[in-house]
Amino acid sequence: MHESRVASRYAKSLLELAKEQNVLDAVFADMELFTKVGEENPQLVRILKNPIITQDKKLGILTGLFKGKVHNLTLSIFDIITRKGREGYLFFIAKDFIAQYRALKGITTAEVVTSYTLTPEQRNSFIKIVQDATNNKVELIEKVDSDIIGGYILKIGDKQIDETIKSKLNRLKNKFTDNSYIAKY
């Protein structure tokens with residue numbers, strides 16, 4: 001079965017179970033923590049996917065890293081998924097859980113890339129743009145990239161608005177190289 005389908009099914013089950021037990025926000029925080037740890041330590045993700053390392057050792061690593069830091073339901077899910085031999089999907093399950101949680105709560109994640117750090121007024125302006133476009137609460141991720149010279153790139157889901165100076169210069173360059181004023185015979 002493809003990893004996104006596996007992740008989606010486990011994430012949905014975990015979401016429903018967390019709602020049922022009234023610990024949805026706690027499990028969401030745990031999944032964010034797990035995702036952050038996995039992104040900062042890619043060797044953890046590799047260990048979980050490694051078929052040579054036993055499931056007991058993988059569970060021991062997960063328990064050692066997260067016991068006392070996450071809700072008991074999260075530890076139970078780690079245990080169940082590991083015993084079923086699906087621990088290699090844990091990172092994808094956590095990411096999918098986060099996406100499903102945000103959809104349930106009506107939260108849109110948007111990313112803005114600028115060549116400088118945003119001021120509070122600029123941040124609020126971007127949040128308002130996204131709120132008007134989606135009618136959802138907004139979680140804005142800010143990134144700084146000096147290569148874009150100026151302007152911004154705003155990503156909302158699979159849509160992207162590129163208003164950087166670099167892209168505007170490229171569009172202008174393409175217009176000049178078009179030579180539409182020269183008769184073509």
Taking all non-hydrogen atoms of both residues into account, name the closest pair between S115 and G150 and its distance. OG-CA, 3.7 Å

Can E87 and K57 be counted as an ion pair, charged N to O under 4.0 angstrom? no

Quick one: do the Q122 and Y116 side chains pair a donor with an acceptor below 3.5 Å? yes

Is K36 paired with E39 through a side-chain N to carboxylate O contact shorter than 4.0 Å? no

Side-chain donor or acceptor of S13 paired with backbone N/O of R9 under 3.5 Å: yes

Let's go through V130 and V112 carefully: what are the C-alpha distance in whole Å and the side-chain angles of both, what is the deciding distance for side chain to side chain contact (heavy atoms under 4.5 Å, CB included) to 0.1 Å, and is it a yes or a no? CA-CA 11 Å; V130 177; V112 64; over 6 Å; no

Shortest non-hydrogen contact between N136 and Q131, atoms and distance: O-CG, 3.4 Å

Where the side chain of T35 meets the backbone of M31, is there a donor-acceptor pair that is under 3.5 Å apart? yes

Would a distance-only check, ignoring hydrogens and angles, find a side-chain to backbone donor-acceptor pair under 3.5 Å from N41 to V37? yes

For F34 and F78, take the angle between the two ring planes, folded into 0 to 90°, and tell me which bin it lands in: parallel under 30, tilted 30 to 60, perpendicular over 60. tilted

Where the side chain of N50 meets the backbone of R46, is there a donor-acceptor pair that is under 3.5 Å apart? no

Which heavy atom of A26 sits nearest a heavy atom of H71, and at what distance? CB-CD2, 4.3 Å

Atom of A110, atom of I156 and distance for their closest heavy-atom approach: CB-CG1, 4.2 Å

State whether the side chain of Q100 and the backbone N or O of S8 hold a donor-acceptor pair below 3.5 Å, judged by distance alone. yes

Measure from the ring center of Y89 to the ring center of Y10 and say whether it is less than 6.0 Å. no

Donor-acceptor check, side chain of K58 to backbone of L48, threshold 3.5 angstrom: yes or no? yes

List the steps and the verdict of side chain to side chain contact (heavy atoms under 4.5 Å, CB included) for L169 and K166. CA-CA 5 Å; L169 287 172; K166 184 177 180 180; 5.9 Å; no

By the definition side chain to side chain contact (heavy atoms under 4.5 Å, CB included), identify the one residue from I153, L154, V113 that meets it with Q160. I153

Nearest heavy-atom contact between Q55 and R83 is OE1-O, 3.9 Å

Compare all side-chain heavy atoms of L15 with those of L24 and state whether any distance is below 4.5 angstrom. yes

Quick one: closest heavy-atom pair of T164 and D162, and the distance? OG1-OD1, 2.8 Å

Test I93 against I77 for side chain to side chain contact (heavy atoms under 4.5 Å, CB included), laying out the working first. CA-CA 11 Å; I93 293 167; I77 291 299; 5.7 Å; no

Go through the steps to decide whether L75 and K67 satisfy the test side chain to side chain contact (heavy atoms under 4.5 Å, CB included), and finish with yes or no. CA-CA 7 Å; L75 282 176; K67 189 170 187 172; 4.0 Å; yes

Tell me if a side-chain donor or acceptor on D30 pairs with a main-chain N or O of V70 at a distance below 3.5 Å. no

